[in-house]
Each structure stands twice: as C-alpha cells, then as structure tokens.
Amino acid sequence: MDSRILHYEFVTGESVNITVSAEIAEVIYDSHRMEHASNERSRYLHVQESIRQSAVQLFSEAFSA
C-alpha cells in the first residue's frame, strides 16, 4: 500500500504527522487546492467590487457638482 505522511501545524504550536493512503492524501491535497483557488477568486472579486464602488462614488461626486 502506497502511503503519504501529512504534516499539520496548529496555531497552538503543536504539530502532528499522520500517515494516510496515497488516495486519501490526493483528496486532501485537491481539497486544499480548491479552497485556495476559491479564496483567491473571492479576494479578487472583492477588490474588483471595491474599485467599482470607488469609481461610482468619484463619478457621482464629479458630476453632481
């Protein structure tokens, strides 16, 4: 059986190594990649929305004077 060792570090400073099958490790790695990609998209969309709101406010102020 092919296995992988996963290393986790907690905010408390505790670290743990666990051994899992290669298939389980791939599922966990894929999940982490998808979560990271989702966070990046969310951050990008948040920044874009913030820029859009600032632009709308600036144009509103410029043309209402």
Over 12 foreign heavy atoms within 6.0 Å of CD1, Ile5:
no

Just checking, any donor-acceptor pair under 3.5 angstrom between side chains of Gln57 and Glu61?
yes

Verify the cluster assignment for Ile51 and Val56: are they in a single hydrophobic cluster under the rule of side-chain heavy atoms below 4.5 Å apart?
no

Run the side-chain contact (heavy atoms from CB on, under 4.5 Å) test against Val27 and tell me which residues pass, sequence neighbours left out.
none

Applying side-chain contact (heavy atoms from CB on, under 4.5 Å) to Val11 and not counting sequence neighbours gives none

Can I get a per-line list of side-chain donor-acceptor pairs under 3.5 Å for residues 28-39, giving both atom names and the distance, sequence neighbours left out?
{"unit_1": "Asp30", "atom_1": "OD1", "unit_2": "Arg33", "atom_2": "NH2", "d": "2.1"}
{"unit_1": "Asn39", "atom_1": "ND2", "unit_2": "Glu35", "atom_2": "O", "d": "3.4"}

I'd like to know whether CZ of Phe59 has more than 12 heavy-atom contacts from other residues, nucleotides or ligands below 6.0 angstrom.
no

For the CZ atom of Phe10 and the OG atom of Ser15, what is their distance to the nearest 0.5 Å?
9.0 Å

Among residues at least two apart in sequence or on other chains, which ones pass salt bridge (charged side-chain N to carboxylate O under 4.0 Å, His left out) with Glu14?
none

With sequence neighbours left out, the residues meeting side chain to side chain donor-acceptor pair (under 3.5 Å) with His7 are Glu9, Asn17

For Ser3, give me all partners under side-chain contact (heavy atoms from CB on, under 4.5 Å), at least two apart in sequence or on another chain.
Thr19

